[in-house]
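Scroll down for the structure; my scribbles are underneath it.
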Amino acid sequence: MIENINISNYALIERSELQLGKGFSVITGETGAGKSILLGALNLALGARADSSVVRDNGGKCIVEVTFDVSEYGLEEWFKVNELDYDEHTVVRRQVSSEGKSRSFINDTPVTIKQLKEFGSYLIDIHSQHESLLLGKSDFQAELLDAFCGNGELLERYSELYKERNSLVKELDAAKEEWFKAQSESDFLNYRFNMLSAANLRVGEALELEEELAILQNSEQIKGALGELVYSLRDDDSNMLSQLNSLRGSMDKIGSVFPIADEYGKRLRSVYLELSDMADEAERKGQDVDCDGGRLQAVEERLGVLYDLQLKFKVDTPDELVNERNAIEERLSQIELSGDLVQKLTKQIEQCEASLIKIADELHASRVAGVDSLIGLMVELLQSLGIAHPQLKVVVEREERFMANGCDKIAILFAANKNQVSGEIANIASGGEMSRVMLAFKYVLAKCKKLPVVIFDEIDTGLSGQVAHKMAAMLREMSNFMQVIAISHLPQIASAGEWHYKVYKEDSEQETLSKIKLLTKAERIEELAVMMSGNCITAEALSAAEKLLNGE
């Protein structure tokens, strides 16, 4: 419920504070006094569009602050999801600068307009003549019927599956697009992959072949040079190894008298062993060098294959062909998986739709079963509201498509007279009739759909007499289940309120301001007398007003 409304620098309101109690509150005032301004300020706090025109003082800032008691409405999870501090007495604040810039807060934490509107939707239902037009919309008519039938849990389950199904359909559309796109390149990718696979590519192969080719092309020169090395080191009559061995012997002879000769001998032995190993190795390497022309041709042909592929695939080195082959293989694997994904998503959608159909069947049965009871109650209420012969039909037609609230198209048809053909409310009912139909629905739903606050903006337009008394009684009864606020011109409505607020204008030499105050009992009697007889208050009007207030 609303506990407090603080308004500063909004339109004709300089500063106003309104404390509201539980139950039924009425707001009255002369036409143009500012009742609509008060409602506009409340709408602003709940996310309505804001611009600089609402700022009364162009040098200042407009601020609307509303305090709600949310202790009984289970909103803790909403606060948690939106990362806001939960408080049983939650404060919503909206401020607009003279430049039209707007900022919004819930419990002093900045929030978006979307969050503000969502929060307000849990707490306040503002009924105006404009809202009566909603009666002509199928979604709103379905919402009314579902609330009456108690379909909240079914709708919640359906809604979750409906969102899941829509998400899967989007995924399937994307997967199909990817699949069709992939198919156009699949043949080309397979051609390229087969070409690379047939080449039996191996990282480092090109370098090895290039080294082997260099040896094969220079085999005679290599064998000659290695043979000359072996001959000089070991096979020549005056070979180096023999000379080193002789020198080492000489060092051994003088070692006893010239100690350093031992060191020279060791070093000569080391050199001798190194050169001896070199001669043996060079001999083996020379024997391994092959002048086979067939091998030379094979190496040249293999390198030609690798170089051709390098050119075709536009890579810098033959080794990069392996990466290219792997990338193509990965892409082909993705294409195959995209086809599997299409099948998987299609199956998931079928399963989801089967569950949706089952819940939609339950919703349809519940709606059909509740139609007669709803019509019976509505006819009785509309008669008491002055529509003598109301005709009401609620049509529930099953359709072969999924909608946000099931598979039913729901239409409420109305006629206010016996000889009148029923039709869509928006096309056939007058403004006053639509307001009364809407009030009747709200009255019926008061026990079904618990909304903390309902605000009626001049719902009593065009009414009088016993119909006005009946409307007042209905509003008072609704206030047993929620906080009801009615902006009214009728004394019958005003007298039914537990709390009576008056909006009035106050003039000074510089400006006109709109103000609001809670009336005492005496002030209420005077205000009711004015509403009944005009500004010329008579003793009879005061007496009648007091009786009306006392329920006589």
**OP:** For the residue pair Phe119 and Trp78, categorise the inter-ring angle as parallel (less than 30°), tilted (30 to 60°) or perpendicular (more than 60°).
**Re:**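 Rings of Phe119 and Trp78: tilted, 30 to 60°.
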
So [Y] and [X], do their side chains get closer than 4.5 Å, heavy atoms only?
X: Leu42; Y: Ile7; value: no
X: Phe441; Y: Ile412; value: yes
X: Asn405; Y: Tyr158; value: no
X: Asp108; Y: Val91; value: no
X: Leu413; Y: Val394; value: no
X: Ile5; Y: Thr67; value: no
X: Phe105; Y: Arg94; value: no
X: Ile63; Y: Asn6; value: no

Original post:
Can Lys502 and Glu527 be counted as an ion pair, charged N to O under 4.0 angstrom?
Top reply: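 Result for this pair is yes, salt bridge flagged.
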
**OP:** For Tyr443 and Glu477, run side-chain hydrogen bond (donor to acceptor under 3.5 Å, both in side chains): C-alpha distance rounded to whole Å, both residues' side-chain angles, the deciding distance at 0.1 Å, then the answer.
**Re:** CA-CA 8 Å; Tyr443 176 80; Glu477 188 174 346; 2.7 Å; yes

Original post:
Taking only residues at least two apart or on different chains, which pairs with a member in residues 361-382 satisfy side-chain hydrogen bond (donor to acceptor under 3.5 Å, both in side chains)?
Top reply: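 Counting only pairs at least two positions apart or across chains, the side-chain hydrogen bond (donor to acceptor under 3.5 Å, both in side chains) contacts touching residues 361-382 are Asp146-Arg367, Asn151-Ser366, Asp361-Arg398, His364-Asp408, Arg367-Asp408.
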
Please tabulate, one pair per line, all N/O donor-acceptor pairs under 3.5 Å involving side-chain atoms of residues 346-355, not counting sequence neighbours.
unit_1 : atom_1 : unit_2 : atom_2 : d
Thr346 : OG1    : Val342 : O      : 2.6
Glu353 : OE2    : Arg165 : NE     : 3.0
Glu353 : OE2    : Arg165 : NH2    : 3.1
Ser355 : OG     : Gln351 : O      : 3.4

Subject >> Separation between CD of Gln115 and CG of Leu84, rounded to the nearest 0.5 Å >> reply: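 Here the interatomic distance stands at 6.0 Å.
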
Original post:
How many angstroms lie between atom CG of Leu18 and atom CG of Leu38, to the nearest 0.5 angstrom?
Top reply: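 Rounded to the nearest 0.5 Å, the CG-CG separation comes to 6.0 Å.
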
**OP:** Determine, step by step, whether Glu99 and Lys101 satisfy the salt bridge (Lys or Arg N to Asp or Glu O under 4.0 Å) criterion, reporting the C-alpha distance in whole Å, the side-chain angles of both residues, the deciding distance to 0.1 Å, and the verdict.
**Re:** CA-CA 6 Å; Glu99 294 81 21; Lys101 295 181 179 179; over 6 Å; no

Subject >> Non-neighbouring partners of Glu523 that pass side chain to side chain contact (heavy atoms under 4.5 Å, CB included), sequence neighbours left out >> reply: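 Glu523: side chain to side chain contact (heavy atoms under 4.5 Å, CB included) contacts with Lys517, Leu519, Thr520.
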
**OP:** Go through the steps for Phe414 and Glu424 under the test side chain to side chain contact (heavy atoms under 4.5 Å, CB included), then give the verdict.
**Re:** CA-CA 6 Å; Phe414 172 79; Glu424 294 184 7; over 6 Å; no

Original post:
Can you name the closest pair of heavy atoms from Met474 and Leu385 and give their distance?
Top reply: SD-CD2, 3.7 Å

